[in-house]
Undergrad: 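First the structure, which I've put down as structure tokens, then a few questions once you've had a look.
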Amino acid sequence: MKLNQVIITGGAGYIGSHTVVELIHAGYEPVIIDNFSNSHPRVLDGLERILNRRPQLFEVDCCDETALNGVFESCLQQGNIAGVIHFAAFKAVGESTAEPLQYFRNNIGSTAALLAVMHRHGVGSFVFSSSCTVYGQPEQIPVDEHAPFLPAESPYGYTKQACERLISDAHFAHSELNVTLLRYFNPIGAHPTGLIGELPLGHPNNLIPFLTQATAGLRDPLTVFGNDYPTADGTCVRDYIHVVDLAKAHVAALNWLQDQHHACEALNLGTGNGSTVLQVIQAFETANNIQVPHAIGPRRPGDVTAIYADAKKAKKLIGWECELSLEEALKDAWNWQKKLGETS
Ligand code: UD1
């Protein structure tokens, strides 16, 4: 039987690994490309336990066009390539300010290399991992896909904007290229089995990994970055989406792309609900019946006051919407943290 393969760069990462699971459930054959620069090979063990088999992996740097070409050639000997999902990228805002060259080279270079290899082999479906960071501090919330890109706050944010532009330009030039640009809001949670989840290397920058580690006693109390914003309780508002819902959106996008003839669409992936930092802490405490040690601290430079998604376009176009609640995501995040504690 010929395999219906999907090349998934960064497939050992947080969102990538959850997407591998959903692709297999949907009948696709994921082929992971990952160089473990910000992930760990043990993710493959978790995937194997969930799926009862080990997904195929190529340990390759996505900026290496020759090596990428080799992966495509090897896949084409086994079956067809239904599409490419491109997660592999650096994503730490602060680090990008210190290491802008690395961010430009890695995030933009890998996207250009992938598009070139796809074009060479006539592979037409491309799902790109973008971010709501492209909107900056939006003038209107909920924010829809027509909102303009505002000047990026960081080199990381700029690479997402630049990649979207690069992909759109390639789409205009290459008639076979169909694209979805998926703009994620704030992915949180873990697989309900507790076998895969977010594995931040070192000090976590994002709210939920820091919160769970602080609650587990592995870190100092969580600092709430500012309570003097013009929001309901003074803390910032975000749209927190369960990573399993987000993973399913990639399958829906890929399915949709199979029937397109020269499409390029940006889609917001969020719940449509905003929660403040204090509301998230409260929801975590209620969902898990545990106290979160925390204190109010100063604002974090570069934080947007409030952003949440208008996700109606994704529902209309690809038939996807969130099914899981904030509480479920926070339960799964805590379950994952506890399991990590047992194994480390
Ligand atoms: C950040 C990035 C975004 C990126 C995403 C994924 C910025 C401005 N945005 O999103 O571009 O795509 O990460 O890496 O950096 N918070 C605390 N205490 C903490 C950590 C966070 O109060 O210790 C607050 C933040 O102020 C924010 C919320 O929690 O209001 C969420 O923060 P975070 O998880 O870092 O995500 P974003 O900043 O929304």
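Every number for a ligand or one of its atoms is a count from 1 in the order of the listing.
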Undergrad: Hydrogens and angles aside, do S175 and H262 bring a side-chain donor and acceptor to less than 3.5 Å of each other?
TA: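 Short answer, no.
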Undergrad: For atom 24 (C) of ligand 1, what's the nearest protein heavy atom and its distance?
TA: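 Here the closest protein heavy atom is V277 CG2, 3.8 Å.
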Undergrad: Which atoms of ligand 1 sit under 4.0 Å from any heavy atom of K91?
TA: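 Per the distance check, 14 (O).
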Undergrad: Which of the atoms of ligand 1 are close to N205, meaning less than 4.0 Å from one of its heavy atoms?
TA: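 Going through ligand 1 atom by atom, the ones under 4.0 Å from N205 are 20 (C), 35 (O).
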Undergrad: For H250 and F87, I'd like to know if the aromatic rings sit close, meaning centre-to-centre distance below 6.0 Å.
TA: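 Yes, close enough.
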Undergrad: For D228, I'd like to know if atom CG has over 12 heavy atoms of other residues, nucleotides or ligands within 6.0 Å.
TA: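 Counting neighbours around CG of D228, more than 12 heavy atoms of other residues, nucleotides or ligands fall under 6.0 Å, so yes.
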Undergrad: Looking at V224, which atoms of ligand 1 are within less than 4.0 Å of one of its heavy atoms?
TA: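 Going through ligand 1 atom by atom, the ones under 4.0 Å from V224 are 22 (O).
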Undergrad: Looking only at N/O atoms, are L207 and ligand 1 under 3.5 Å apart anywhere?
TA: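 Between L207 and ligand 1, an N or O pair is found under 3.5 Å apart.
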Undergrad: Between L222 and ligand 1, is there a nitrogen or oxygen pair with a distance under 3.5 Å?
TA: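 No.
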Undergrad: For ligand 1, indicate whether the residue E153 contacts it via side chain, backbone, both or neither (heavy-atom separation under 4.0 Å).
TA: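 The answer is neither; E153 stays 4.0 Å or more away.
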Undergrad: Using a 4.0 Å heavy-atom cut-off, say whether Y184 meets ligand 1 through its side chain, its backbone, both or neither.
TA: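 It is neither part, as no heavy atom is under 4.0 Å.
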Undergrad: Could you tell me the residue and atom name of the protein heavy atom closest to atom 37 (P) of ligand 1, and the distance to it rounded to 0.1 Å?
TA: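 Nearest neighbour among protein heavy atoms for atom 37 (P) of ligand 1, to 0.1 Å: N186 ND2, 3.6 Å.
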Undergrad: Counting non-hydrogen protein atoms only, what is the nearest one to atom 35 (O) of ligand 1? Give residue, atom name and distance.
TA: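 So the nearest neighbour among protein heavy atoms is R300 NH2, 2.9 Å.
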Undergrad: What atoms in ligand 1 come closer than 4.0 Å to a heavy atom of T133?
TA: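 Once the distances to T133 are compared, the set is 11 (O).
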Undergrad: Any heavy atom of V304 closer to ligand 1 than 4.0 angstrom?
TA: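 In this structure, V304 fails to qualify as a contact of ligand 1 - no heavy atom is under 4.0 Å.
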Undergrad: Any idea which part of Y240 is under 4.0 Å from ligand 1, heavy-atom wise: side chain, backbone, both or neither?
TA: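 For Y240, the contact with ligand 1 is made by the side chain alone.
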Undergrad: How close does the nearest protein non-hydrogen atom get to atom 18 (N) of ligand 1, and which residue and atom is it?
TA: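 Nearest protein contact, heavy atoms only, for atom 18 (N) of ligand 1 is T223 O, 2.7 Å.
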Undergrad: Mind listing the closest non-hydrogen atom pair of L150 and G136 along with its distance?
TA: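 Shortest heavy-atom separation between L150 and G136 comes out as CB-CA, 4.5 Å.
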Undergrad: Assess whether a salt bridge exists between D169 and R165, defined as any Lys/Arg side-chain N lying under 4.0 Å from an Asp/Glu carboxylate O.
TA: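 Yes, this pair counts.
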Undergrad: Can you sort out which atoms of ligand 1 are near D303, meaning under 4.0 Å from one of its heavy atoms?
TA: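 In order of numbering, the contacting atoms are 8 (C), 25 (C), 26 (O), 38 (O).
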Undergrad: Under a 3.5 Å threshold, yes or no: a donor from one side chain and an acceptor from the other, between T271 and D239?
TA: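 Checked: T271/D239 side chains pair up, N/O donor to acceptor below 3.5 Å.
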Undergrad: For atom 16 (N) of ligand 1, find the nearest protein heavy atom and state the residue, atom name and distance (0.1 Å precision).
TA: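 Minimum-distance protein heavy atom for atom 16 (N) of ligand 1 reads F225 CD1, 3.5 Å.
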Undergrad: Would you mind checking which non-hydrogen protein atom is closest to atom 12 (O) of ligand 1, with the distance to 0.1 Å?
TA: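 Answer for atom 12 (O) of ligand 1: Y156 OH, 3.0 Å.
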Undergrad: Give me the nearest non-hydrogen protein atom to atom 5 (C) of ligand 1 as residue plus atom name, then the distance to 0.1 Å.
TA: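 Its nearest protein heavy-atom neighbour is N206 ND2, 4.0 Å.
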Undergrad: After noting the C-alpha distance and the side-chain angles of E265 and R183, does the key distance pass the salt bridge (charged side-chain N to carboxylate O under 4.0 Å, His left out) rule?
TA: CA-CA 11 Å; E265 296 288 345; R183 297 177 182 158; over 6 Å; no
Undergrad: Using heavy atoms and a 4.0 Å limit, tell me yes or no: is G302 in contact with ligand 1?
TA: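 Yes, G302 has a heavy atom closer than 4.0 Å to ligand 1.
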Undergrad: Which residues satisfy the ring-ring contact (aromatic ring centres under 6.0 Å, His included) test with Y156, sequence neighbours excluded?
TA: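 With neighbours one apart ignored, the set is empty.
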Undergrad: Scan residues 12-35 for pairs that pass side chain to side chain donor-acceptor pair (under 3.5 Å), counting only residues two or more places apart or in two chains.
TA: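 For residues 12-35, and leaving out neighbouring residues, the side chain to side chain donor-acceptor pair (under 3.5 Å) pairs sorted by first residue read Y28-N255, E29-R53, D34-S39, N35-S37.
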